[in-house]
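Order of the sequence lines sets the chain letters (A, B, ...), proteins ahead of strands, with each chain counted from 1. The structure displayed is predicted, hence computed values, not measured ones.
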Amino acid sequence: MKLEQALQKSTEILQPWNQEGSRPAPNRVDFTVQPGDIAAIGAALRREKWGYLAAITGLDLGVQADSLEVLYHFCEGAAIATLRVRLPRRGGVVPSLYADYPAASFFERELSEMYGVTVAGAPDTSRLFIPDDFPDGLYPMLKDFDPAALKERPAVAPIPEISPKSAHFIIPIGPQHPALKEPGHFEFGVDGEIVTSARMRLGYVHRGIEKACEQQNWIQDLYLLERICGICSHSHATAYALGVEQLAQVEVSERAQAIREVFAGLERIHSHMLWLGVAAHEAGFDTLFMYSWRDRETVMDILEQIGGNRVNYSISVLGGVKQDIKPQDAEVIRKGMQFLEERINHYLDIVTTDRMFLQRTRGIGYMTREQADYLGILGPTARASGIARDIRIDAPYGLYHRFPVSQVIDQAGDLEARFRVRLREIIVSTHAIRTIIDNLPEGELTVRVPRRIPAGEAISRLEAPRGELFYYIKSNGSDKPERIKVRTPSLCNWTYVLVSAIGRQLADVPLLLAGMDPCFSCNDR
Amino acid sequence: MNDLSIIPLLSPIIFLVLFPGGLALILTGFLYEWLDHKLVARFQNRIGPRWFQPLADAIKSLVKEEITPAIVHPSLFVLLPVIALSGALTAGLYVPLLGLPPSYSFSGDLIVTFYLLSLLTLSMGIAGWNTPSHFSLIGATRTLTQLFSYEAPFLLALLGPALVAGSAASGSAASNAGALNAWTIGEINTFAANTSWSALTKPIGFFVALIGLMGKLELPPFDAPEAETEIVAGAMTEYSGRGLAFFHIGKSVELVIGLTLVAAFYLGGIANPLEFFIKTIGLLVILALLQTILTRLRIDQTVGLWWRYGAIAVLAQWAIWIIVTVIQGNG
């Protein structure tokens, strides 16, 4: 079996480090390793082409234990290999994985600013999420962090003088900029119209949701996590619910799972259509923007009709779903999907034949399969570069084994391919949704989930519209989680923008940025 | 004394300030700007603004505080919008606005009008250079780069009808003065009214003139100089209040003048107000359609388009016209 082979292979790769590996779940293998070996193990996994680095999770084991644990999650298909590293609570050092996994840079910056772990050899150690005026030596994710310490903040550093004759001509994009609908900061150095350097800074709307989750009970967390992102709220709620149900060993009825999949499909459709409009707007094609957003209302109306809300529709709850799909809803969905399929085919025709538009997309933002794999790109952006990476297919969750979706993949690797992939995914989703509502299984909407979740840890991954959404959930047996780690797909895809913008025209940058469908609120969770 | 004697003295002031220049021109500009926005909005499946929106925008901008950035040449910052607007308004005196004969006319006023119109673009470019904002600097570079790309083909496209009119006039009058008179916009307008539509006999020239006008007005797809998703408002980023309003009004005025010129030269002249409105609004509908269906060009693509295709197309039009004239002359 593929999963078994992958797990077996990872154990073989870890052999030189005398690792047996434990199996906390059928699809997982854990290795406890020394901090100094991380870089070498990472390099070995990369050499053997075993998966990608999905996330780095920090864990504070408490003041009494006086140690931190850092988990490096590597994923290959459905298999997850976790390297566990023990560190002292203060002054822990781990080597950087940047050389083999560029996306690690973001994970490591987050780890060091949240837990005070020093990452040796990291190219960029500046803050990623927490504010510049945050006091040094305070690490918010540590269990003994006291928010009262924040009352005395040092004075904000003065804004540097503007020098019109500075050596680098920097075009700042953000935090407030017409191209950005959410705050983020990018600095593009330009030579004339050509971009020569790129830097970014996130965290302008960081809400500390991971920390807040540790102070709320399991039910409250559902609503908190759903609000990480307004677009993929259902993905967040479902990923969390899947993880908690796994911990509580609760079996959700097939009907509830099917309804979850319908909503996941609807969410993907409205997310991709939103993206289509934004991307067209960034390219300066506002007509497509207006039309695609008009048609997107079809999905929004369906969501409103069934769930009562357009954005945070709260469909997934722990143990099932909140709303049923009634026969009259099914009829509206069928009509809507029919209409959207026609429209999307039309837009697909436009973005692949309109010559003016193709001038802005064809051959631009080109990323080969190897590059995308090296950078650890996820979701439709990866699939547009020919990487068959889709959790719904690689590691089917819910009812995806019964109602599978077909893989959409494109080898071209440019912006045009990203348009094609996302639009085809909408069409695939419209088909999948109609199949499910025609064969909706019977069953209860919800099953009971205990208030206190048994101690343990779970990893749940699902395919959000932007790519793999990764949740690590640890319970200590109480009514509040010990730790919830959320790794959103956008965080892995930033490297693509920073790498591909260099050498391109400044005019291409907004479209390159849009090409990965960035979600700032997902990052700034 | 006869009271009527002051009328000749007053008339230039009326021409300049009220009608057909000045106020009337500005109001027409607002009307056309609204029409443009409304048409594009309807083509894009939107509602679009109400009829007084451009006027309301202008009034609002005019009453707002004007912020002068710290690192600018202050007098230049204040003067440039004035120069831009006055250039556009002065140009209005030499064209058959609202179907009336031009207020003033002299030999070669076509060239002067053309450069008065470019004054707006030039002022915007310098205004961008004057401010330290990086968006402004990139915007200014793009504005001026675009100016150099469309200017020559656009001028050549407008000179075509002038030359036709000139050669016809010199042929008939057989005098040097006749040929010189043909370089006035009024004469070309009259000549065009008496011959078949140049848009039909010289379609390439017409097309280049129309697209050139879009480039001049920085309308999509030639809106790279003010591409908001990249450089916010381009050269205008640091302008607010009065300065912004003046540049804005200047652009609306240029829209009217540009449409008038193309209609007068290529659509069989403008003899009366009705003809003026029908022909210019007809052109505006085409412009709005093009704005709707085209994607913004990058600045390098704009330059490439104009020098690779625009310039060659208009030169080909000239070549065709010369050959036709020679054959007709021989025959």
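Between the side chains of A:T381 and A:R422, at least one donor-acceptor pair of N or O atoms lies under 3.5 Å. Side-chain N/O atoms of B:H37 and B:Q53 include no donor and acceptor closer than 3.5 Å.
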Practice task
Determine, stepwise, if the pair A:E297 / A:R310 fulfils salt bridge (charged side-chain N to carboxylate O under 4.0 Å, His left out).
Solution key: CA-CA 10 Å; A:E297 285 302 305; A:R310 284 162 57 92; 2.9 Å; yes
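Residues of residues 352-363 of chain A that come within less than 4.5 angstrom of chain B, heavy atom to heavy atom, are A:D354, A:M356, A:F357, A:Q359, A:R360 in numerical order. Below 4.5 Å, heavy atoms of chain B meet no heavy atom from residues 335-349 of chain A.
Using a 4.5 Å cut-off between heavy atoms, B:T292 contacts chain A through both its backbone and its side chain. Contacts between B:I293 and chain A at a heavy-atom distance below 4.5 Å involve the backbone alone (N, CA, C, O).
Ion pairing of B:E33 with B:K251 is absent here, as no side-chain N (NZ or NE/NH1/NH2) approaches a carboxylate O to less than 4.0 Å.
By the neighbour-count criterion of 12 heavy atoms within 6.0 Å, atom CZ of B:F207 is sparsely surrounded, having that number or fewer from other residues, nucleotides or ligands. The 12-atom threshold is exceeded at CG of B:N45, counting heavy atoms of other residues, nucleotides or ligands nearer than 6.0 Å.
Top candidate by heavy-atom pairs under 4.5 Å with chain B, chosen from A:D508, A:L511, A:L288, A:I350, is A:D508.
Taking the six-membered ring where the residue is Trp, A:F186 and A:F520 present perpendicular rings, their angle passing 60° and hence far from 30°. The aromatic rings of B:W306 and B:F222 sit tilted, their planes meeting at an angle between 30° and 60°.
Ring centroids of A:F188 and B:H134 are separated by 6.0 Å or more, keeping the two rings apart.
Between B:G29 and B:V256, the closest heavy-atom pair is CA-CG2, 3.4 Å.
A donor-acceptor pair is defined here as one N or O able to donate and one able to accept, closer than 3.5 Å; such a pair exists between the side chain of B:W34 and the backbone of B:P49.
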